[in-house]
Number of protein chains: 2
Amino acid sequence: MPRPVPAATAALRVLRFLSGQPVPVSAVRIAEALELPRSSAYHLLTAMADEDFVVHYPDDRTWGMGIAAWEVGHGFARQEPLARLARVPLARLVDRVGQSAHLVVLHGTEVLYVIEERAPGRPPLVTDVGVRLPAHLTASGRAILASLPGPQVTALYPDKASFTSRTGSGPRSPTELRRLLATTRQRGYATEDGEVTAGFASVAAPIEAGTIHASVAVTWQSRGDVGDLVEPVRQTAAEITRRLRH
Amino acid sequence: MPRPVPAATAALRVLRFLSGQPVPVSAVRIAEALELPRSSAYHLLTAMADEDFVVHYPDDRTWGMGIAAWEVGHGFARQEPLARLARVPLARLVDRVGQSAHLVVLHGTEVLYVIEERAPGRPPLVTDVGVRLPAHLTASGRAILASLPGPQVTALYPDKASFTSRTGSGPRSPTELRRLLATTRQRGYATEDGEVTAGFASVAAPIEAGTIHASVAVTWQSRGDVGDLVEPVRQTAAEITRRLRH
DNA sequence: TGAATGCGTCTCGGATACGAGACACTGAGA
DNA sequence: TCTCAGTGTCTCGTATCCGAGACGCATTCA
């Protein structure tokens, strides 16, 4: 088992902490949040600023994220085959159905929005790229969970305490989830209406390629039939699956 | 002057290196590229993998970027006022002119693409988000350089050695650049045709808000008049400027 | 099959990195 | 104006972190 590298770990935790803040924060705030010695925090932040991962705003006495964090994040998108292969099919989906679409991956019990393709005339979505949401509340997450083996889903959601709610709806127990996922599995797609954001609905289909846990979804302001959207979404997910299998 | 934090710096350099690779790479390759001791590289990579910034692929004996790098990169977009404020105006610009648009910031002598809004039916651009290009070859970069004080431009481009070329065109000396920027300044916008990618042209206008060096651009397959696009681009840049000044 | 190469892990010793705490400076509030 | 709180920088001493190098294992090639 390799040994710890405490300063490296601290740097990465600083990045993660800062990326969760809406505004730049003070060094002391960072030190407290990560339980770092105050003077060490200054040395660390300065080293990170020297590499452009952090910026110091002396007038405000705050520290914020630097441009290198942004660049490195996009390096991930270029390296990750899923993100690379999915971009064009997703663009085609949007052009075809005229609604915004996204590519989502599962991480633990949450989904992470990897690509968002906005449709013309539609506002940017709450499900902004980089955002995490509880998997069981989103169509995207449900589509992925439905494609997982039962024991794996059980390991992720062992009891009622595993369930969070955003708008008061959505499954609240393993039994409810299992029933919901059985329906999803049978249909081959998942839906969600108002469980993430009131007034918005989604339909999602899983990408089924070995160890990749991801899905394609379309989101729109809910007021009507999902029927027209299911086939394009499923075809897009199938196309991405095919591309991944080469 | 605070002291170095070598392990933190090494971790960040690993991230930067990995983000520039098209595929995951071996630990030895990373160690060589960054001049790290081999055994230290393993400890470092493992610590980074424990924080999800790096992933180990044991079957391939390679190491690639992890999902935390992606998330942190998007935390930057949420925290950076420019990226946040520009998203809706840029979406409106695309809906209005029917061409893809982007928001660009200057970093040294390069521009960095921060937001890309793809227009319906248009292919994804070579100027993908997270990509850097030489500022003097792009409309976006020229618009920003034209809004800088003369001595600052001279400091960035002191001599002929400062100039790179991608397609054999574009300014090659400080004198040529100065002339080009004078025209740009007079018109209030910059253009580029085939200097980044043959067959594509751009028009860009600067965002002028204090210390922010950024611009808005529209890109299209070049074959005709720029005239219809200039006003919408300039208005979008002016709107973003206004928002930033509140 | 055996040898070579490369990956990953481990131990040891010493020097470098780290935390504690002090100091200087600045800005805000009484 | 003075005081206090908070930010940023610095020194010192020590213990923890680091690099060197060895070892084990797996894969590939002759």
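Throughout, protein chains are lettered first and strands after them, A, B, ... in sequence-line order, and every chain is numbered starting at 1.
- Checked against salt bridge (charged side-chain N to carboxylate O under 4.0 Å, His left out), E51(B) has the following partners two or more places apart in sequence or in another chain: R13(A), R16(A).
- Distance, H43(A) NE2 to dT16(C) C1': 14 Å, rounded to whole Å.
- OP1 and OP2 of dT9(D) both lie 4.0 Å or more from every side-chain N or O belonging to Y42(A).
- Interface remark: the R38(A) side chain does form a donor-acceptor pair with the dG8(D) base, using a distance-only criterion of under 3.5 Å.
- T241(A) contributes no side-chain N or O that, together with a main-chain N or O of I207(A), makes up a donor-acceptor pair within less than 3.5 Å.
- Within the structure, every side-chain polar atom (N or O) of S26(B) is placed at least 4.0 Å from both OP1 and OP2 of dG6(C).
- In terms of the ring pair (Phe, Tyr, Trp, His ring centres under 6.0 Å) criterion, residue partners of H136(A) (sequence neighbours excluded) are, by chain and number, Y157(A), F163(A).
- Shown here are the side chain to side chain donor-acceptor pair (under 3.5 Å) partners of D59(B), two or more places apart in sequence or in another chain: there are none.
- Of the possible polar contacts, none joining the R234(B) side chain to the A205(B) backbone as a donor-acceptor pair under 3.5 Å is found.
- A heavy atom closer than 4.0 Å to some atom of DNA chain D occurs in P2(B), A7(B), these being the qualifying members of residues 2-18 of chain B.
- Here dA20(C) is the nucleotide among dG8(C), dC7(C), dA20(C) with the atom lying nearest to any side-chain atom of S39(A).
- For W70(A), the ring pair (Phe, Tyr, Trp, His ring centres under 6.0 Å) partners are H74(A), H74(B), F76(B), not counting sequence neighbours.
- Here the side chain of R132(B) pairs no donor or acceptor atom with the backbone of V111(B) at under 3.5 angstrom.
- The stretch residues 45-68 of chain A comes close to DNA chain D through H56(A), R61(A), W63(A), each having a heavy atom under 4.0 Å from the strand.
- No side-chain donor-acceptor contact under 3.5 Å links D60(B) to the backbone of T62(B).
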